[in-house]
Novice: 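I have a structure I would like to understand better, so I am pasting it below and will then ask my questions one at a time.
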There are 2 protein chains.
Amino acid sequence: MAEERRKFKRESAQARREALICATLELVAEHGVRGATVRGIAERADVTQGLIRHYFSSKEDLITAAYEYHMTHMTDLTEAPASQLQGTARDRLVAFVEASLTAPVVDPQSIALWASFLNKVQNDPAMKAIHARTYADFRDRLEALIAAALGEAGQVTEAGQLRHLAIACNAVIDGLWLEGGALPDAFEPDELPKIGLISVGAIVGLNLTHSS
Amino acid sequence: MAEERRKFKRESAQARREALICATLELVAEHGVRGATVRGIAERADVTQGLIRHYFSSKEDLITAAYEYHMTHMTDLTEAPASQLQGTARDRLVAFVEASLTAPVVDPQSIALWASFLNKVQNDPAMKAIHARTYADFRDRLEALIAAALGEAGQVTEAGQLRHLAIACNAVIDGLWLEGGALPDAFEPDELPKIGLISVGAIVGLNLTHSS
DNA sequence: GTCGTAATTATGCAAGTGTATAATTTTAGC
DNA sequence: GCTAAAATTATACACTTGCATAATTACGAC
């Protein structure tokens, strides 16, 4: 008879933390770090604001945790396809470029997050460290793949030249990633990876478009 | 005898507007749009906060004005070098790429501004219009330069192919611009334009590095 | 069942926010 | 010099912000 409706449900610490982090990322992407208010995050996660303080010592702490969570997620997304592949180095390079220029890596929210976090990344040393590590990791993997693919084709490339190639290829990928996420309707679904492969191929001097 | 120190000085409307806009851009670059508070802007411009309302109907109005000011400024910086040049189309393409990848276009504050404004650009229609116009303008100029340079070399390129080349070159330039501004210490002074010219050249199929 | 503890909510507070309006001060025109 | 209008400052207000603390609620251990 009595309406015994529960007022809330207890969740595991891990689930709650993740829910709060995801709500945070959504709001940061939409309104920037300062626009992601504690109350807004709580509402998005279907929770009252006080709970945030129970899982994170401050908003700063929550933001940092969310940033780390997101960066780790992105790294995983670009790492998996190329490393799981058993084919030639060229195939792995192709897979790496394609993964970097397709959903879910290419995604409006990711670009928005990147932009929203930039300020904080440049000021906060803790965030700067996370960023530098992730960025260097990405470029090193790209450079290694380029070196392997070139070696496979019988070409030897000196270190300085290799660095330039990696910087240039990284730049094309970044630029295409950016444009694809910032202007989602400006490109056909497979246009981005196609342009990416042609461009990276042109820069390093390999044809990456035909099937091997 | 009497200390007749003036409490403030009247400035021309144009000078005050520009001072307020510059202060706004500085703070937006440092702390994001929401972090650029009315009081902070006023202080940076050596003025009390009430004055802002005298020149701009709201903070929103000031932000929009600042964005338009900045975008116009950036367009001017990339437009001037290539259009003033009397040489071949290839020379103008080279000048365009170089100008886009050198200071003052490559500049930490510009990247920070780009990132800070992204949210607002994607939500606010007025800002979106300003952005779309500027972006299309940049890419059209690049595409025209590529077409002219290729034509000069005796190559005819179909429209679709030309579009892809422009997108790809735009992406390298954007990517390099971004990395140069986000990690100012990671590159030698002339490393960025050098890589840019090699990459754009490789993509379109022209050697842009030797002097013509 | 009941009970204690931890999760969750509820409430409150001081500081910062944009904006509105009134009070001053400068400066140009006569 | 005087004066009036415009530029600038000064003050106030309602609202949002992050954070702290107290009051509830759920749920496993016994």
Side-chain angles (χ1 to χ4, degrees), chain A residues 2-28 30-67 116 119-120 123-124, chain B residues 2-24 27-28 30-67 116 119-120 123-124 126-127:
Chain A
E3 290 267 354
E4 284 276 350
R5 230 187 308 180
R6 300 274 116 90
K7 293 201 173 173
F8 59 86
K9 193 184 158 198
R10 287 173 109 134
E11 299 279 358
S12 76
Q14 192 187 345
R16 267 281 131 87
R17 277 183 63 94
E18 188 160 340
L20 287 172
I21 285 178
C22 288
T24 302
L25 289 175
E26 286 180 30
L27 286 182
V28 167
E30 290 171 25
H31 305 116
V33 173
R34 302 215 188 198
T37 67
V38 172
R39 285 167 177 82
I41 293 168
E43 185 185 14
R44 183 72 59 110
D46 270 316
V47 139
T48 52
Q49 52 158 323
L51 193 59
I52 289 180
R53 274 280 291 171
H54 189 257
Y55 285 101
F56 301 91
S57 66
S58 66
K59 184 192 171 182
E60 190 79 11
D61 186 27
L62 169 56
I63 295 290
T64 307
Y67 182 62
S116 296
N119 281 329
K120 241 168 182 345
N123 296 337
D124 184 358
Chain B
E3 291 268 351
E4 285 275 351
R5 229 186 308 178
R6 298 274 116 92
K7 292 199 175 173
F8 59 86
K9 189 184 162 199
R10 288 172 110 134
E11 299 280 356
S12 77
Q14 192 188 344
R16 269 280 129 89
R17 277 184 64 94
E18 189 161 339
L20 287 173
I21 285 178
C22 288
T24 302
L27 286 181
V28 167
E30 290 171 24
H31 305 116
V33 173
R34 303 215 188 202
T37 68
V38 173
R39 285 167 177 81
I41 294 168
E43 186 184 14
R44 182 73 60 110
D46 269 315
V47 139
T48 52
Q49 51 159 323
L51 193 59
I52 290 179
R53 276 279 293 170
H54 189 257
Y55 285 101
F56 301 92
S57 66
S58 66
K59 184 192 171 184
E60 189 79 11
D61 187 26
L62 169 57
I63 295 291
T64 308
Y67 182 62
S116 296
N119 282 327
K120 239 164 184 346
N123 295 337
D124 183 358
M127 289 227 172

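A note on names: the letters A, B, ... follow the listed sequences, proteins ahead of strands, and every chain is numbered from 1.
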Novice: If you assign A:Gly50 and B:Thr37 each to the DNA chain C nucleotide with the nearest heavy atom, which residue ends up on the more 5' nucleotide?
Specialist: A:Gly50

Novice: Rounded to the nearest Å, what distance is computed from the CD atom of residue A:Glu60 to the P atom of nucleotide D:dG18?
Specialist: 11 Å

Novice: Report the distance from atom OG1 of A:Thr64 to atom NZ of A:Lys120, rounding to the nearest 0.5 Å.
Specialist: 7.0 Å

Novice: So B:Glu11, base contact, sugar-phosphate only, or nothing? Heavy-atom distance under 4.0 Å.
Specialist: sugar-phosphate

Novice: Considering just the side-chain nitrogens and oxygens of A:Arg16, establish if one lies under 4.0 Å of OP1 or OP2 belonging to C:dT8.
Specialist: yes

Novice: Out of C:dG18, D:dT9, C:dG12, which has the shortest distance to the side chain of B:Leu51?
Specialist: D:dT9

Novice: Would you say a side-chain N or O of A:His54 is under 4.0 Å from OP1 or OP2 of C:dA7?
Specialist: yes

Novice: Calculate the interatomic distance between A:Gln49 atom CD and D:dC19 atom C1'; express it in whole Å.
Specialist: 9 Å

Novice: For B:Arg39 and D:dT17, give me the distance from atom CZ to atom P, rounded to whole Å.
Specialist: 15 Å

Novice: Locate the shortest heavy-atom distance separating B:Ile41 from B:Leu20; write the atom from each residue and the value.
Specialist: CG2-O, 4.0 Å

Novice: Does B:Tyr55 place a side-chain N or O at less than 4.0 Å from the phosphate oxygens OP1/OP2 of D:dT8?
Specialist: yes

Novice: Work out which heavy atom in B:Asn119 is nearest to a heavy atom in A:Gly32; give both atom names and the distance.
Specialist: ND2-N, 3.1 Å

Novice: Heavy atoms only, 4.0 Å cut-off, all strands: where does A:Thr48 land among base, sugar-phosphate and nothing?
Specialist: base

Novice: Nearest whole Å is fine: how far is D:dA7 C1' from B:Arg17 CZ?
Specialist: 15 Å

Novice: OP1 or OP2 of D:dA20 sitting under 4.0 Å from any side-chain N/O of A:Arg53?
Specialist: yes

Novice: Out of D:dT17, D:dC27, C:dT8, which has the shortest distance to the side chain of A:Arg6?
Specialist: D:dC27

Novice: Is the phosphate of C:dT5 approached by A:Arg10 (side-chain N or O, under 4.0 Å from OP1 or OP2)?
Specialist: no

Novice: Working note: A:Arg53 + A:Val38, criterion side-chain contact (heavy atoms from CB on, under 4.5 Å); need CA distance, chi angles, decisive distance, verdict.
Specialist: CA-CA 9 Å; A:Arg53 274 280 291 171; A:Val38 172; over 6 Å; no

Novice: State, to 0.1 Å, how close B:Tyr55 and B:Ala13 come at their nearest heavy-atom pair, and which atoms those are.
Specialist: CE2-CA, 3.8 Å

Novice: Using whole Å, report how far CD1 of B:Ile41 lies from P of C:dT19.
Specialist: 11 Å

Novice: Which one, C:dT19, D:dT17, D:dC27, comes nearest to the side chain of A:Lys9?
Specialist: D:dC27

Novice: Can you measure A:Phe56 atom CZ to C:dA7 atom C1' for me and round it to whole angstrom units?
Specialist: 15 Å

